[in-house]
K.L.:
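This structure is in structure tokens; I'll ask about it shortly.
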Amino acid sequence: MKIYVASSWRNDIQPVVVEELRKLGHEVYDFKNPEPGNHGFHWSEIDPDWKNWKHIDFVKALNHPIANKGFKLDMDALQECDACVMVLPCNRSSHLEAGYAIGANKPTVIMLDESCEPELMYKMTPFICWDLDDVIDCIRFIEGMLREEGKI
């Protein structure tokens, strides 16, 4: 099964989730290492002073070739995945990715953390987990469901 893991660059659990899902035999997309030799998209590749951009600078940077390549890698993996796992704490991009997956009818798992605030829209998925063991159980359930439906 192809799994897209959405999370934050600052999330220390994300690499563990990726590794454990790969140990189960899944093809897992890691935005921190999307392809050999590529260590993920960083705004600083476009401009080291990106934190001081004005709105117009940000909008222009969205069309920069480096941004286009990073977006394409992530978006292609998201479109091709069979399921998505969003690992909290995470950022706006992760929530957009999970929302896209849910809107595309891809089973989506949300792994909460101790510091998360209640979020009503998480009701979009029945797969809400507290820890990695719960995530693995959900992924096994989803894999069985998708196999039964002939989707994988």
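Note: hydrogens, waters and symmetry copies are ignored here, and every other heavy atom, side chains too, is used.
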K.L.:
If you measure from CD on Gln14 to NZ on Lys32, what distance do you get to the nearest 0.5 Å?
P.N.:
4.0 Å
K.L.:
Nearest 0.5 Å please: distance from the CD1 atom of Ile136 over to the NZ atom of Lys23.
P.N.:
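Ile136 atom CD1 to Lys23 atom NZ measures 9.0 Å (nearest 0.5 Å).
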K.L.:
Side-chain contact test, heavy atoms from C-beta onward, threshold under 4.5 Å: evaluate it for Ile128 versus Thr125 and give yes or no.
P.N.:
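Result yes, sub-4.5 Å side-chain heavy-atom pair found.
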K.L.:
Can we call the ring centroids of His42 and Trp9 under 6.0 Å apart?
P.N.:
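Centroid separation for His42 and Trp9: below 6.0 Å.
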K.L.:
Mind checking whether Leu132 and Val18 sit in one hydrophobic cluster, side chains of I, L, V, M, F, W, Y counted as touching below 4.5 Å?
P.N.:
yes
K.L.:
Is it possible for you to say whether Leu96 and Val59 belong to one hydrophobic cluster, with membership spreading through side-chain heavy-atom contacts below 4.5 Å?
P.N.:
no
K.L.:
Looking only at heavy atoms, which two atoms of Asp12 and Val16 are closest? And how far apart?
P.N.:
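Looking at all heavy atoms of both residues, the closest pair is O-CG2, 4.2 Å.
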K.L.:
Locate the shortest heavy-atom distance separating Cys138 from Phe127; write the atom from each residue and the value.
P.N.:
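Nearest heavy atoms, Cys138 then Phe127: SG-CD2, 3.8 Å.
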K.L.:
Do side-chain atoms of Asn33 reach the backbone of Asp30 as a donor and acceptor pair under 3.5 angstrom?
P.N.:
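Pair absent, no side-chain N/O of Asn33 close to backbone of Asp30.
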K.L.:
Does Tyr122 reach the side chain of Thr108, with side-chain heavy atoms less than 4.5 Å apart?
P.N.:
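They are not in contact (no side-chain heavy atoms under 4.5 Å apart), so the answer is no.
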K.L.:
Would you name the heavy atoms of Pro34 and Asn38 that are closest together and state the gap between them?
P.N.:
CD-O, 3.3 Å
K.L.:
Check the pair Asn91, Ser93 against side-chain hydrogen bond (donor to acceptor under 3.5 Å, both in side chains), reporting the backbone distance first and the verdict last.
P.N.:
CA-CA 6 Å; Asn91 52 28; Ser93 290; 4.6 Å; no
K.L.:
Check Met86 against Ser94 and note the closest heavy-atom contact, atom names and distance.
P.N.:
SD-O, 3.6 Å
K.L.:
Backbone N or O of Val87 within a donor-acceptor pair of the Ser7 side chain at under 3.5 Å?
P.N.:
yes
K.L.:
Does Val109 reach the side chain of Cys129, with side-chain heavy atoms less than 4.5 Å apart?
P.N.:
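Yes. Closest side-chain heavy atoms under 4.5 Å.
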K.L.:
Any idea which heavy atoms bring Val28 and Arg22 closest together, and the distance?
P.N.:
O-NH2, 2.8 Å
K.L.:
Between SG of Cys81 and CD1 of Ile3, what distance do you get to the nearest 0.5 Å?
P.N.:
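The SG atom of Cys81 sits 9.0 Å away from the CD1 atom of Ile3.
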K.L.:
So, for Trp43 and Phe58, is the gap between ring centers shorter than 6.0 Å?
P.N.:
yes
K.L.:
Taking CH2 in Trp130 as the centre, count heavy atoms belonging to other residues, nucleotides or ligands within less than 6.0 Å. Is the count above 12?
P.N.:
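No, the 6.0 Å shell around CH2 holds no more than 12 heavy atoms from other groups.
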K.L.:
Pick from Gln79, Glu27, Glu97, Lys106: which one makes a side-chain hydrogen bond (donor to acceptor under 3.5 Å, both in side chains) with Tyr4?
P.N.:
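Answer after filtering Gln79, Glu27, Glu97, Lys106: Glu97.
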K.L.:
Look only at the side chain of Asp49 and the backbone of Asn52, and say whether a donor-acceptor pair between them is shorter than 3.5 Å.
P.N.:
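Not a single qualifying donor-acceptor pair exists.
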K.L.:
Take His95 and Tyr100 through the test side-chain hydrogen bond (donor to acceptor under 3.5 Å, both in side chains) and record every step on the way to the result.
P.N.:
CA-CA 8 Å; His95 282 81; Tyr100 174 88; over 6 Å; no
K.L.:
Under 4.0 Å between a side-chain nitrogen and a carboxylate oxygen: does that hold for Glu143 and Arg140?
P.N.:
no
K.L.:
How about Glu149: does its CD atom have over 12 heavy atoms from other parts shown lying under 6.0 Å from it?
P.N.:
yes
K.L.:
Does a side-chain heavy-atom distance below 4.5 Å link Phe141 with Pro107?
P.N.:
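No. Closest side-chain heavy atoms not under 4.5 Å.
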K.L.:
Which heavy atom of Val5 sits nearest to which heavy atom of Phe31, and what is that distance?
P.N.:
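Here Val5 and Phe31 meet closest at O-CD2, 3.8 Å.
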K.L.:
Working to the nearest 0.5 angstrom, can you tell me the gap between Met124 CE and Glu119 CD?
P.N.:
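Spacing of CE (Met124) from CD (Glu119) equals 8.5 Å.
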K.L.:
Can you tell which of Ile139, Asp133, Asp131, Asp137 makes a side chain to side chain contact (heavy atoms under 4.5 Å, CB included) with Val135?
P.N.:
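Running side chain to side chain contact (heavy atoms under 4.5 Å, CB included) over Ile139, Asp133, Asp131, Asp137 with Val135 returns exactly one hit, Ile139.
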K.L.:
Rounded to the nearest 0.5 Å, what separates atom CG in Asp47 from atom CG in Asp57?
P.N.:
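Interatomic distance, Asp47 CG to Asp57 CG, rounded to 0.5 Å: 8.0 Å.
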K.L.:
Report the distance from atom CE of Met121 to atom CD1 of Ile110, rounding to the nearest 0.5 Å.
P.N.:
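Answer for the CE-CD1 pair, Met121 versus Ile110, is 10.5 Å.
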K.L.:
Leu24 and Ile13: same hydrophobic cluster, using ILVMFWY side-chain contacts below 4.5 Å?
P.N.:
yes
K.L.:
Does any non-hydrogen side-chain atom of Lys151 lie less than 4.5 Å from one of Asp82?
P.N.:
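The answer is no, as the side chains (C-beta and beyond) never meet within the 4.5 Å cut-off.
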K.L.:
When clusters are formed by joining ILVMFWY residues with side-chain heavy atoms under 4.5 Å apart, either directly or through shared neighbours, do Phe41 and Leu62 land in the same one?
P.N.:
yes
K.L.:
Side chains of Asp134 and Met111: does their closest heavy-atom pair fall under 4.5 Å?
P.N.:
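The answer is no, as the side chains (C-beta and beyond) never meet within the 4.5 Å cut-off.
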K.L.:
Would you list the atom pairs, donor with acceptor, under 3.5 Å between side chains in residues 65-74 and any protein atom, with sequence neighbours excluded?
P.N.:
{"from": "Asn68", "atom 1": "ND2", "to": "Asn63", "atom 2": "O", "distance (Å)": "3.3"}
{"from": "Lys69", "atom 1": "NZ", "to": "Glu35", "atom 2": "OE2", "distance (Å)": "3.4"}
{"from": "Lys72", "atom 1": "NZ", "to": "Asp76", "atom 2": "OD2", "distance (Å)": "2.6"}
{"from": "Asp74", "atom 1": "OD1", "to": "Tyr29", "atom 2": "OH", "distance (Å)": "2.5"}

K.L.:
Is Leu146 reachable from Val85 through a run of I, L, V, M, F, W or Y residues, each pair having side-chain heavy atoms under 4.5 Å apart?
P.N.:
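Linked within one cluster.
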